[in-house]
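Read the structure below first, then the notes.
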Amino acid sequence: MPVITLPDGSTKEFNQPVSPYEVARSIGERLAAQSVGARINGELCDLNTPIERNATVSIITTRPRDEQQRADLLMLMRHSAAHVMAEAIQRIVPGAHLVYGPPLATGFYYDIAFPPDRPLSTADFEAIEAEIRKIQQEDRRFTRYEMRVGEGLAKLREEGNKYKLDNAERAIETGSERLSWYATGEPGKNWEDLCRGPHVPSTAHTGVIKIMSLASAYWHGDENSDRLTRVYGTAFPTQQDLDAYLNQLEEARQRDHRVIGKRLGLFHIDEMVGQGLILWTPKGSVIRNELQNFISHELRRQGYHQVYTPQIGKLDLYRTSGHFPYYKDSQFTPIVDREALDALAHEGCSCADLSNRLEKGEADGYLLRPMNCPHHIRLFDSQPHSYRDLPVRLAEFGTVYRWEQSGELNGMTRVRCFTQDDAHLFVTEDQLAAELQGCLELVKIIFKTLEMSDYRVRVGLRDPDSSKYVGEPAKWDKAEAACRDAAKSLGVPFSEEPGEAAFYGPKIDFVVKDVIGREWQLGTVQVDYNLPERFDLSYIGPDNRPHRPVMIHRAPFGSMERFIGVLIEHFAGAFPLWLSPEQVRILPISEKSNDYAREIASKLRADGLRASIDDSDERIQAKIKIASEEKIPYLGVVGPRDAEARTVSIRAHGVQKDLGALPLDEFASLLLDEYQSKGERSLRRQMAPTGATA
RNA sequence: GCCACCGUAGCUCAGUGGUAGAGCACACCCUUGGUAAGGGUGAGGUCAUGGGUUCAAGUCCCAUCGGUGGCUCCA
């Protein structure tokens with residue numbers, strides 16, 4: 001006799017097992033008609049899952065009441081939409097083998113193995129979507145049936161889809177005692193798919209489905225395994241929901257740093273220079289310089305020493321550090337000097353030989369540096385150190401070079417040459433905790449100054465099953481504990497992720513999302529017991545004996561390129577005053593005021609502001625429009641009235657109106673205050689106290 | 001690197017085998033206008049590059065280069 005507890009706390013008793021659908025019907029026919037699934041004791045289930053014991057039941061309908069219900073609805077709908085799409089695809093390409101089709105936060109995908117002679121193309125989308133609509137109109141019920149493990153495996157073997165067989169075996173490994181299928185309609189007669197569910201009641205409940213894109217994916221994510229075609233789609237309850245989503249995607253695209261970077265002329269990537277190599281325009285360079293000055297200032301306060309080291313070093317250096325053997329495939333090829341190369345050529349050494357010898361250390365060369373740490377380590381080690389010297393903190397805006405795979409390159413966020421705001425701290429065991437915290441503090445200062453709050457913190461630990469890490473487990477344990485403790489002291493939630501450590505040590509990463517939802521690691525702080533070992537670093541302790549220092553690698557911005565890429569998206573190109581390439585533009589109403597405008601602009605420039613003037617013969621409306629599109633923070637409009645009164649009429653970016661006039665000197669000093677304070681939009685606030693905003 | 005798609009004027013894009021287009025930007029002229037685009041004229045393209053098919057290629061095929069979305073990788 002199950003007693004069903006509903007979300008409002010009320011209960012209903014039934015004298016036989018019931019389904020959520022029947023529970024819904026007992027409440028009202030309309031509810032039942034809108035129902036698509038349920039949470040039974042918190043678990044997402046089919047609408048007709050039998051409930052035999054007392055349970056709490058929450059009905060999921062097409063009219064969600066809260067975020068959780070909406071998420072559940074979308075999950076059910078999209079998971080089911082993936083089936084409908086797969087059925088449609090198999091109607092069009094009968095030889096396609098299904099692999100795996102999960103729902104996602106923004107839609108769903110289905111990995112499918114297509115016959116080599118019939119790959120899927122975007123040209124097929126229209127036909128597939130037409131089939132999808134047919135299947136939806138057929139309104140067939142999602143029908144679940146189960147089999148015992150042995151029986152089920154036999155069925156799958158007979159069907160000859162190795163992928164599904166593999167899915168089943170994996171399910172069994174994780175403890176499933178039965179295998180389940182969902183037919184869209186009648187089992188044995190209609191289309192079906194091995195699937196744990198749950199699903200909506202019928203194909204008519206799968207919402208508005210749109211196929212989004214094609215991609216390739218490796219089976220089990222293993223690049224040596226089969227290459228599958230991943231078909232991405234999405235589904236929403238209504239056309240309006242879908243349109244809103246597509247609209248949102250388009251808006252995100254307009255915020256994309258690659259789009260804004262081009263439109264505002266912040267950086268340039270040139271085919272002739274090379275893939276993944278950023279050319280910083282004068283405007284982009286202003287932003288980078290401001291950020292570097294900002295961080296340099298913080299570093300001086302925290303007792304860092306700035307150093308310069310070369311972009312290149314001997315291969316042996318990176319053999320010692322481990323970078324060369326470990327990351328050989330993602331570095332630029334070593335540079336072998338001319339004499340050595342001539343000699344090798346003379347003895348008939350082939351390219352393969354050379355590569356082999358370089359790898360074995362039988363030939364030497366230079367490497368464009370993939371990391372700055374080896375240089376800093378050698379600099380540290382060039383002098384004997386007493387414990388009294390420590391911590392030694394060496395900082396450098398160090399440019400590094402990495403051969404990223406061409407398919408990975410992405411605007412400023414994934415490049416082949418980038419500059420880290422890098423530093424290496426050489427500390428005693430006792431100093432480690434405090435120094436780690438100091439590093440995290442720095443990252444926090446940066447994120448706060450730039451009003452970036454939407455980030456997550458990841459503590460990257462080693463994967464105990466992997467052999468890719470160097471060093472003794474005991475040291476790893478110590479280092480991981482230090483990272484965990486430091487992260488705790490940060491006061492924000494963090495996740496511990498095994499397998500995310502660097503090869504030489506664990507790390508604390510700050511991860512942000514770009515406009516299309518991809519995650520990028522920015523700031524990072526890493527504890528390293530291993531490189532000091534490899535380079536045999538030491539300092540003399542109070543006991544007059546040598547001790548091994550611990551190293552901290554840290555880069556609060558991460559890479560200047562990536563950080564600024566993300567920053568462009570964060571501000572949608574409308575930078576705060578201190579970062580704006582052009583801070584203020586003076587707009588004369590007509591040619592008659594050009595002289596006064598020039599006078600103002602040169603005064604502002606003399607005060608240290610980045611000021612320009614628009615003395616084109618456009619009308620003032622056009623000048624404002626143009627400046628607004630260029631996202632200039634402040635505009636000074638001047639006409640004869642202002643010239644007479646020695647004032648400037650002010651506009652702020654994102655504020656749709658004239659903020660009134662200020663005397664020239666006052667305007668300049670307010671701008672300077674705002675510039676120096678970084679981030680406070682004080683002038684705008686002062687001029688528009690009613691809270692006019694973007 | 002892999003799969004799919006894309007590459008036409010500085011930018012955004014139209015152009016399905018038969019004489020290369022539009023808007024914006026740019027140059028010049030008119031306009032001297034007080035808060036989100038005044039008007040006119042003009043210049044600008046070996047249609048990414050190289051091959052091929054064809055009487056004829058921006059358009060079809062192949063290769064290369066570059067980009068986009070994913071996958072894999074990311075010190």
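Order of the sequence lines fixes the chain letters, A, B, ..., with proteins taken first and strands second; residue numbering starts at 1 for each chain.
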### Task
Kindly say whether A:Gly505 contributes a backbone atom to a donor-acceptor pair with the side chain of A:Asp528 at under 3.5 angstrom?
no

Next item on the list: Report yes if a side-chain nitrogen or oxygen of A:Asn410 is closer than 4.0 Å to either non-bridging phosphate oxygen (OP1 or OP2) of B:rG67; otherwise report no.
Entry: no

Atom CD1 of A:Ile516 and atom C1' of B:rU68 are separated, to the nearest Å, by 9 Å

A:Ile112 CD1 to B:rA4 C1', in whole Å, measures 14 Å

Donor-acceptor pair under 3.5 Å, A:Ser216 side chain vs B:rC2 base
yes

* Does any N or O in the side chain of A:Lys657 come within less than 3.5 Å of the main-chain N or O of A:Arg651, such that one atom is a donor and the other an acceptor? -> no

Numerically ordered, the residues 255-263 of chain A set in heavy-atom contact under 4.0 Å with RNA chain B is A:Arg258, A:Lys262

Between CG of A:Leu104 and P of B:rG69 the distance, given in whole Å, is 17 Å

So, does A:Lys623 use its side chain to make a donor-acceptor pair with the main chain of A:Pro588 at under 3.5 Å? yes

Partner of B:rU64 under the Watson-Crick or G-U wobble criteria, both distances under 3.5 Å, comes out as B:rA48

From CD of A:Glu519 across to C1' of B:rC74 the rounded distance in Å is 14 Å

B:rG45 and B:rA14, which share atom name C1', separated by this distance in whole Å: 15 Å

Original post:
Between A:Lys625 and A:Glu629, does at least one N-O distance fall below 4.0 Å, as a salt bridge requires?
Top reply: yes

Rounded to whole Å, the OH-C1' distance (A:Tyr218 to B:rC3) equals 8 Å

Exercise. Say you pick atom P in B:rA25 and the same atom in B:rA37; how far apart are they, in whole Å?
Worked result: 12 Å

Using Watson-Crick geometry (N1-N3 plus N6-O4 or O6-N4) or G-U wobble (N1-O2, O6-N3), each under 3.5 Å, B:rU54 is paired with none

A:Glu569 meets the salt bridge (Lys or Arg N to Asp or Glu O under 4.0 Å) criterion, sequence neighbours left out, with none

The contact string for nucleotides 31-38 of chain B, one letter per nucleotide 5' to 3', using protein heavy atoms under 4.0 Å with B, S and - for base, sugar-phosphate only and none, comes out as BBBBBBBB

Assign each of A:Gln275 and A:Lys507 the nucleotide of RNA chain B bearing its closest heavy atom; nearer the 5' end lies the nucleotide of A:Gln275

**Report entry** Gap in Å between the two P atoms, one belonging to B:rA57 and one to B:rA48, rounded
**Finding:** 15 Å

Query - Integer angstrom distance from the C1' of B:rU49 to that of B:rU8 - result: 15 Å

As its Watson-Crick or G-U partner within any shown strand, both distances under 3.5 Å, B:rG34 has none

Are B:rA75 and A:Tyr327 stacked, with the base six-membered ring and the side-chain ring centres under 5.5 Å apart and planes under 30°?
yes

- Item | Phosphate contact (B:rC74 OP1 or OP2) by A:Ser330 side-chain N/O below 4.0 Å | no

Notebook entry, point to check: Are A:Arg369 and A:Glu396 within salt-bridge range, i.e. N to O under 4.0 Å?
Noted result: yes

Test: A:Glu519 and A:Arg456 ion pair at under 4.0 Å:
yes

Report which part of the nucleic acid A:Arg518 touches: base, sugar-phosphate, or nothing (heavy-atom distance under 4.0 Å, all strands). sugar-phosphate

Does A:Arg414 contact B:rC73 through a side-chain donor or acceptor facing the base, at a distance under 3.5 Å?
yes

ask   = With a non-hydrogen cut-off below 4.0 angstrom, is A:Lys468 in contact with a base, only sugar-phosphate, or nothing?
value = sugar-phosphate

Across every strand shown, the nucleotide meeting Watson-Crick or G-U wobble geometry with B:rU12 (both distances under 3.5 Å) is B:rA22

* Asked: Would A:Lys475 and A:Glu533 pass as an ion pair if we require N to O under 4.0 Å?
  -> yes

| Is any side-chain nitrogen or oxygen of A:Arg227 closer than 4.0 Å to OP1 or OP2 of B:rG1? | no

Donor-acceptor contact below 3.5 Å, side chain A:Thr419 vs main chain A:Phe397
no

To the nearest angstrom, the CD-C1' distance between A:Gln405 and B:rU68 comes to 17 Å

Paired to B:rA43 by Watson-Crick or G-U wobble criteria (both distances under 3.5 Å) is none

The Watson-Crick or G-U wobble partner of B:rC73, with both key distances under 3.5 Å, is none

Check this for me, if you would: do A:Asp166 and A:Lys162 make a salt bridge, where the nitrogen-to-carboxylate-oxygen distance has to be below 4.0 angstrom? no

| Between A:Arg414 and A:Glu561, is there a salt bridge with N-O shorter than 4.0 Å? | no

Separation of B:rC2 atom P from A:Asp329 atom CG, nearest Å, is 14 Å

Whole-Å distance, A:His268 NE2 to B:rG66 C1', equals 12 Å

